[in-house]
*Asks:* 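Sharing a structure below in structure tokens format, with a few things to ask.
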Amino acid sequence: MEQELLQVKNLSSGTKTRLLAFDLLDQVNREGAYANLALPKILSDSNLSIQDRAFVTELSYGTLRMQGKYDFVIAQFSDRTIEEIDGKLLDLIRLGAHQIFSMRTPSHAAINETVEVGKKVIGKSRSSFLNAMLRKLSTVENLETLINEKVKDPIEKLSIKHSHPIWIVRAFFDRLGNWEEVEKLLVANNLAAKPNLIAWPGLSTKEELLRNGGSEIDFLSFGVISDSTPDSIAAIKERRAGVQDAGSQYLTELFLATNNSPNLEWLDLCAAPGGKAKYIYESLGHKHFTANEINTSRFGLLKQLLPSEILLNLDGRESRSFPSKYDRILIDAPCTGLGALRRRPEARWRKSISDLKELIKIQRELVDSAVVMSNPGGLIAYATCSPHLLETKAQVADALNRHKGLELLSLKTLNLKSEKGIDDDGTMQLWTHRDQTDCMFLALLRVSK
């Protein structure tokens with residue numbers, strides 16, 4: 001893409017925006033990039049207007065989200081299987097499909113402009129197949145009717161209609177126990193979310209952030225829903241405020257609500273990219289706090305937010321490597337990330353049910369390590385950005401069974417501003433369709449004295 005991007009100034013606005021959207025898909029699907037990290041750089045390197053930036057964002061994110069749905073309809077009209085279609089060509093067809101089925105783009109513009117991009121990135125010869133496929137797709141009068149006619153299994157139908165792998169649909173049902181609720185969640189995962197900002201205490205305020213447009217998040221102390229792009233806000237650029245989902249902010253506030261003594265030692269065991277760690281650090285007045293991250297590249301993100309002297313680059317599962325014991329340990333454990341599908345459009349295609357086994361093992365080992373590192377009477381906050389039963393309540397039950405001195409402390413016993421998402425057992429589970437947050441889970445475990 002480098003050569004094409006060098007010539008981007010000479011392209012029409014329509015071709016330019018689609019070329020940049022394709023560039024994002026190419027990075028995500030062939031280089032393993034994360035859309036939420038790659039897109040801001042793509043846009044910052046461009047000279048696009050605000051309107052064109054919004055178009056690129058919707059086209060690229062929407063295509064990634066709805067990839068499963070578009071692959072289904074592509075398969076109905078192609079004489080090749082999805083697996084037989086070249087990856088770049090397939091992404092171009094998906095881009096065209098999103099414009100045809102989910103945007104207000106006239107079909108002729110969607111086809112012609114996407115084919116122009118195809119000529120630049122895959123050549124004229126293969127673009128003839130792209131042109132033919134998009135013209136076939138444009139003849140579909142109602143995509144929902146096509147799905148209903150072709151698919152009879154109700155779970156498969158939900159999977160295709162809302163573009164989620166079947167294993168994820170089933171996992172949501174295991175927790176929600178109601179198919180209507182499941183469908184509401186699937187719909188919510190496909191809606192673009194406005195940026196959630198946090199005014200880090202002592203560095204910024206809600207009022208400062210609201211001057212850029214937006215609204216307060218009523219159950220949070222420092223949270224704002226922004227009407228502006230974060231990179232246009234001074235407090236964000238100056239790192240006095242951050243971009244953080246309301247669910248993550250709320251989870252951090254619940255953890256901080258356990259602060260009942262000025263001399264407690266706090267540890268964020270899996271701290272990158274650093275939003276929760278920064279919130280805790282500023283709330284504690286820069287005292288008695290340590291942040292750890294095993295991944296070297298992600299550790300670099302922590303160094304941008306926090307002073308090096310409070311950072312550790314250790315394996316959180318190796319308790320003997322840590323220099324001291326702690327009274328409060330946050331485990332924001334590696335997980336499937338099923339709770340953040342609306343903000344991470346490619347995540348639903350990155351994980352499979354086979355990944356669960358290894359993730360569950362890591363989560364269990366992190367809990368075991370935290371128990372060893374805890375002072376008597378200490379609290380461990382076990383959190384995931386996933387509602388999957390095996391990563392949440394089942395993981396907690398397993399920990400309580402293996403560690404006889406461990407007990408579940410109800411979050412309702414804390415002095416809370418809100419009890420949003422707190423279940424009868426005292427754990428917390430947020431839901432995107434109910435709470436307009438990521439589906440964060442939190443359980444508080446107390447180590448025996």
Side-chain angles (χ1 to χ4, degrees), residues 1-66 88-89 91-100 102-124 127 130 134 192-197 209 211-214 226-243 273 301 304 343-346:
M1 288 296 293
E2 291 183 4
Q3 185 176 358
E4 289 82 7
L5 290 175
L6 287 174
Q7 303 171 5
V8 77
K9 290 182 180 179
N10 301 320
L11 301 175
S12 69
S13 174
T15 304
K16 186 187 303 183
T17 52
R18 288 165 177 83
L19 179 61
L20 294 179
F22 172 80
D23 187 23
L24 180 68
L25 266 64
D26 198 40
Q27 290 187 39
V28 169
N29 288 337
R30 266 156 294 285
E31 300 174 20
Y34 294 96
N36 64 322
L37 300 180
L39 182 60
K41 185 177 188 310
I42 288 174
L43 294 179
S44 67
D45 290 343
S46 74
N47 59 348
L48 296 182
S49 66
I50 293 176
Q51 184 177 3
D52 282 346
R53 286 177 180 229
F55 182 86
V56 173
T57 302
E58 166 53 28
L59 179 53
S60 55
Y61 270 42
T63 302
L64 286 168
R65 285 192 191 100
M66 305 310 294
K88 291 190 175 186
L89 174 56
D91 278 344
L92 287 163
I93 301 171
R94 290 165 173 164
L95 278 174
H98 189 65
Q99 296 167 69
I100 291 168
S102 301
M103 299 179 73
R104 296 179 179 179
T105 310
S107 291
H108 67 87
I111 295 169
N112 294 339
E113 294 286 5
T114 305
V115 170
E116 282 303 308
V117 171
K119 291 176 182 178
K120 296 182 179 299
V121 298
I122 61 173
K124 291 184 179 179
S127 292
L130 168 63
L134 293 182
K194 284 188 175 182
N196 288 184
L197 309 181
L209 296 180
R211 285 198 289 271
N212 297 279
S226 178
D227 289 337
S228 304
T229 55
D231 61 4
S232 68
I233 299 173
I236 299 291
K237 291 188 286 188
E238 296 164 6
R239 291 180 179 159
R240 295 182 294 105
V243 180
L301 299 175
Q304 297 176 21
R343 295 190 186 277
R344 300 172 189 168
E346 75 283 356

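Note that the coordinates shown come from a computational prediction; the quantities given were computed from them, not determined experimentally. One-based numbering along the sequence shown.
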*Asks:* Taking side chain as C-beta onward, heavy atoms only, is Leu59 less than 4.5 Å from Thr63?
*Replies:* yes
*Asks:* Quick check: does any side chain N or O of Thr17 sit under 3.5 Å from a backbone N or O of Gly14, one acting as donor and the other as acceptor?
*Replies:* yes
*Asks:* Are the side chain of Asp26 and the backbone of Phe22 linked by a donor-acceptor contact shorter than 3.5 Å?
*Replies:* no
*Asks:* Within the side chain of Thr15, is there an N or O that forms a donor-acceptor pair under 3.5 Å with the backbone of Ser12?
*Replies:* no
*Asks:* Can you tell me how far the OG1 atom of Thr57 sits from the CG atom of Leu43, to the nearest 0.5 Å?
*Replies:* 5.0 Å
*Asks:* Drop me the distance from Ser127's OG to Lys120's NZ, to the nearest 0.5 angstrom.
*Replies:* 10.5 Å
*Asks:* Rounded at 0.5 Å granularity, tell me how far CD in Glu116 sits from CD1 in Ile111.
*Replies:* 13.0 Å
*Asks:* Taking all atoms of both residues into account, what is the closest heavy-atom pair of Leu95 and Arg18, and its distance?
*Replies:* CD1-O, 4.2 Å
*Asks:* Rounded to the nearest 0.5 Å, how far apart are CZ of Arg344 and CZ of Arg65?
*Replies:* 13.0 Å
*Asks:* Looking at every non-hydrogen atom in both residues, tell me the closest pair between Arg343 and Pro195 and how far apart they are.
*Replies:* NH1-CA, 4.5 Å
*Asks:* Looking at every heavy atom in both Leu197 and Ser226, which two are closest together, and how far apart are they?
*Replies:* CD1-CB, 3.6 Å
*Asks:* Counting neighbours of CD on Gln51 that are heavy atoms of other residues, nucleotides or ligands and sit closer than 6.0 Å, is the number greater than 12?
*Replies:* no
*Asks:* Can you find a pair of side-chain heavy atoms, one from His98 and one from Glu58, that are under 4.5 Å apart?
*Replies:* yes
*Asks:* Asp231 and Ser44: side-chain donor and acceptor closer than 3.5 Å?
*Replies:* no
*Asks:* Find out whether Leu20 and Ser46 are in side-chain contact, i.e. whether some heavy atom of one side chain is under 4.5 Å from a heavy atom of the other.
*Replies:* yes
*Asks:* A side-chain contact here means heavy atoms from C-beta on lying under 4.5 Å apart; do Thr105 and Ile100 qualify?
*Replies:* no
*Asks:* Nearest 0.5 angstrom please: Asn47 CG to Lys16 NZ, how far?
*Replies:* 4.0 Å
*Asks:* Rounded to the nearest 0.5 Å, what separation is found between the CG atom of Asp227 and the CG atom of Leu209?
*Replies:* 12.0 Å
*Asks:* Is a side-chain donor or acceptor of Ser60 paired with a backbone partner of Leu24 at a separation under 3.5 angstrom?
*Replies:* no
*Asks:* Could you go step by step and tell me if Lys88 and Asp91 meet the salt bridge (charged side-chain N to carboxylate O under 4.0 Å, His left out) rule?
*Replies:* CA-CA 5 Å; Lys88 291 190 175 186; Asp91 278 344; over 6 Å; no
*Asks:* Would you say the side chain of Leu64 lies within less than 4.5 Å of the side chain of Asn29, judging by non-hydrogen atoms?
*Replies:* yes
*Asks:* Looking only at heavy atoms, which two atoms of Asp52 and Ser13 are closest? And how far apart?
*Replies:* OD2-OG, 2.9 Å
*Asks:* How close do Val115 and Leu130 get, heavy atom to heavy atom, and via which atoms?
*Replies:* CA-CD2, 3.9 Å
*Asks:* Got a sec, which residues hit salt bridge (Lys or Arg N to Asp or Glu O under 4.0 Å) with Arg240, two or more places apart in sequence or on another chain?
*Replies:* Glu208, Glu238
*Asks:* Indicate the atoms forming the closest heavy-atom contact of Ala110 with Thr114, along with that distance.
*Replies:* O-OG1, 2.5 Å
*Asks:* Flag the pair Val243 / Asn196 as yes when at least one side-chain heavy-atom distance between them is below 4.5 Å, and no otherwise.
*Replies:* no
